Amino acid sequence: MKYLIHKYVEIYKGFFKASLVADLEFRFNFFLLICAEFVWYASQLVIYQVLYRHTKLIGGWGQDQMRVFMFLALFVDSIYMILWDSNFSKFNDDVRKGQLDLLLTKPVNSMFMTSSQKISISHVPCFFITLTGLIWSLNQLPDFSWLRLLWLLIMIPSGLTVIFCGRFALNATALLFTRADFLQYVWYSLFRLGLRPDGIYSSLMSGIFRKILIFILPFAMIASVPTRFLLEPFQPSLLVWALIMPAILIALTHKYWQHCLKNYTSASS
Amino acid sequence: MAFWRKNLAFSQLAIVTNLEYRFNFFIDAYLQPLITVGIEILLWIALFEANNSNLIGGFTKEAYLAYGVWAPFLGRVAISWMYESMMVEDVASGNINIVLTRPISFYEYYLSQLMGYKVITTFLSLLVPLFVSFYFKLPVQYEKIPLALTLVFFYLFLLHTMSFIVSSIAFFITKVRSFTLIKNLSLFVLAGELVPFDLMPETLKNVLTALPFSSGVYIPVAYITGRIDHRVVMNGFISVFVSFILFSIVARMIWKKGLLEYTGTGA
């Protein structure tokens with residue numbers, strides 16, 4: 001076991017070095033990628049700034065609470081972008097051009113190999129900016145208990161599992177259809193559910209839709225539920241779910257990946 | 001005549017290529033718009049229910065639902081990710097050599113394909129917003145849709161010229177993916193897909209409406225939902241036309257300079 005962990009740590013170090021060199025090779029592109037991320041984050045913040053011009057509460061939260069939610073959502077998103085997004089973005093191309101075959105023959109876990117080869121260094125500044133934004137927004141709350149931040153040690157990995165498994169499962173579908181580039185856009189659409197507070201769905205279908213977003217399509221676990229752990233009274237049932245859910249999602253994703261691999265007919269000659 | 005035959009052939013090529021992978025096409029034409037429309041509708045219904053109010057920013061729930069249905073639909077039409085990436089890739093990888101030796105310009109070659117692809121996906125996926133608008137009895141003036149779509153397709157010429165500029169920059173800088181990202185994310189905001197301009201402060205709303213980018217989403221959607229009149233649409237056509245001329249001049253300059261810099265290898 002110790003050897004296995006050491007092996008993966010060493011491989012990951014190698015991936016990191018290669019990614020750093022590759023990203024810094026094109027410095028202007030690197031700089032503009034950072035700018036592009038800021039445009040994206042700013043646009044997400046603008047939505048709520050504009051909506052709060054016309055209403056005092058959205059989903060039971062005022063502007064201060066909503067800022068905490070948005071910065072937390074963007075913070076989780078930045079971690080996902082650093083660790084996995086560039087791998088998932090090129091996955092469909094790898095399948096179509098037959099490059100996936102090479103990755104599958106490596107003597108390491110195929111899920112690890114296809115999802116972690118490239119680390120996006122250009123998103124590291126976004127990580128620090130969104131973290132600063134989160135701390136600033138929490139500081140605006142008059143009686144916030146900073147000890148509550150410890151909940152994020154459980155909640156953020158749980159939210160990241162939702163993004164990882166959702167995106168991985170959609171990508172794996174490309175193995176069945178050879179070309180499924182547009183599934184990426186389906187993911188971007190679905191991800192909007194995670195960028196909106198679950199509270200806005202409380203009155204919809206008597207709250208059933210909100211429950212769906214927590215337990216079935218758990219996009220609320222990305223930022224909405226973690227924000228509730230920071231701002232609202234503790235809910236033990238959600239904590240239990242945050243601990244169990246990642247294991248269920250990873251098991252299901254692994255099973256689906258194996259199924260897709262069994263039906264995969266290589267695109268290379 | 002030969003000009004049209006040539007371009008039509010490339011448009012058909014784009015249609016055939018995209019229809020070859022039917023699952024992929026189904027996702028693009030139906031599944032993705034359906035999910036996006038569903039999520040947008042949920043947001044506005046939830047916002048109105050949570051606020052227990054009939055009006056937000058002077059407009060009713062139905063007006064926002066109509067915007068939520070049509071804005072993502074037109075937003076998908078008025079953006080170019082796939083063809084711009086292909087153009088950039090062609091220039092950066094040297095595949096452009098093949099196009100340069102053909103009796104068609106690089107600009108035309110991809111414009112015809114973009115138009116063919118957009119026509120087929122637009123007309124097939126148009127069923128989604130039409131069905132939702134009928135079902136929810138949304139305040140949509142159906143007779144205005146042809147003019148609104150004409151403006152969006154006119155806007156595609158400007159959009160393609162911007163893609164041409166980005167791909168021409170690849171003559172000088174090998175990696176230009178960041179340009180595409182910045183441009184498209186900015187257009188997402190400037191076109192009005194992110195949030196209706198009606199909710200913004202009056203001055204900002206007027207500035208954003210006057211820019212040519214609003215002709216991609218805000219103006220056509222506002223026109224078919226009865227928020228603006230015919231004159232604003234005409235201004236949209238003029239604004240897009242003037243910008244198209246300006247962008248074309250810039251594009252021509254960068255392209256010419258890029259070709260002088262470029263050394264094609266292989267063959």
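All values reported here derive from a predicted model rather than from experimental measurement. We name chains A, B, ... by the order of the sequence lines, and we start the count at 1 in each one.
- Aromatic ring centres of A/F219 and A/W187 lie closer together than 6.0 Å.
- A/K118 pairs in a side chain to side chain donor-acceptor pair (under 3.5 Å) with only one of the listed residues (A/D23, A/D85, A/N87), which is A/D23.
- Top candidate by heavy-atom pairs under 4.5 Å with chain A, chosen from B/L194, B/V195, B/L181, is B/L194.
- Interface residues of residues 25-39 of chain A toward chain B, defined by a heavy-atom distance below 4.5 Å and sorted by number: A/F26, A/F28, A/N29, A/L32, A/L33, A/C35, A/A36, A/V39.
- A/S78 places a side-chain N or O within 3.5 Å of a backbone atom of A/F75 that can act as its donor or acceptor partner.
- With a 4.5 Å cut-off on side-chain heavy atoms, A/F191 and A/D77 count as touching.
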Pairs under 3.5 angstrom only: tabulate donor-acceptor contacts from the side chains of residues 56-64 of chain A to other protein residues two or more places apart or in another chain.
| from | atom 1 | to | atom 2 | distance (Å) |
| --- | --- | --- | --- | --- |
| A/W61 | NE1 | A/E232 | OE2 | 3.0 |
| A/Q63 | NE2 | A/Q49 | OE1 | 3.0 |

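- Between B/F213 and B/V189 there is no side-chain heavy-atom pair separated by less than 4.5 Å.
- Neither the backbone nor the side chain of B/R76 comes within contact range of chain A; no heavy atoms are under 4.5 Å apart.
- Ring pair A/F164/A/F88: centre-to-centre distance below 6.0 Å.
- For the residue pair A/T173 / A/Y256, a side-chain donor-acceptor distance below 3.5 Å is found, with atom types taken as modelled.
- Heavy-atom neighbours of chain A within the stretch residues 197-212 of chain B, taken at a separation under 4.5 angstrom, comprise B/L199, B/M200, B/P201.
- Residues of residues 158-172 of chain B lying under 4.5 angstrom from chain A, judged on non-hydrogen atoms, do not exist here.
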- Step by step, work out the side chain to side chain contact (heavy atoms under 4.5 Å, CB included) result for A/S189 and B/Q32. CA-CA 7 Å; A/S189 295; B/Q32 204 245 337; 3.0 Å; yes

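- Contact of the A/L74 side chain with the A/L45 side chain is registered, since non-hydrogen atoms from C-beta on lie closer than 4.5 Å.
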- Applying side chain to side chain contact (heavy atoms under 4.5 Å, CB included), run through B/I96 and B/Y262 and close with a yes or a no. CA-CA 10 Å; B/I96 194 174; B/Y262 178 66; 3.4 Å; yes

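- Side-chain contact between A/L195 and A/Y48: absent, with no pair of heavy atoms (C-beta onward) separated by less than 4.5 Å.
- Although no hydrogens or angles enter the test, the distance criterion places a donor-acceptor pair under 3.5 Å between the side chain of A/T130 and the main chain of A/F127.
- Contact count against chain A (heavy-atom pairs under 4.5 Å) is highest for B/L43 among B/I35, B/L43, B/I173.
- When atom types are taken as modelled, the side chain of B/R227 and the backbone of B/Y218 share no donor-acceptor pair closer than 3.5 angstrom.
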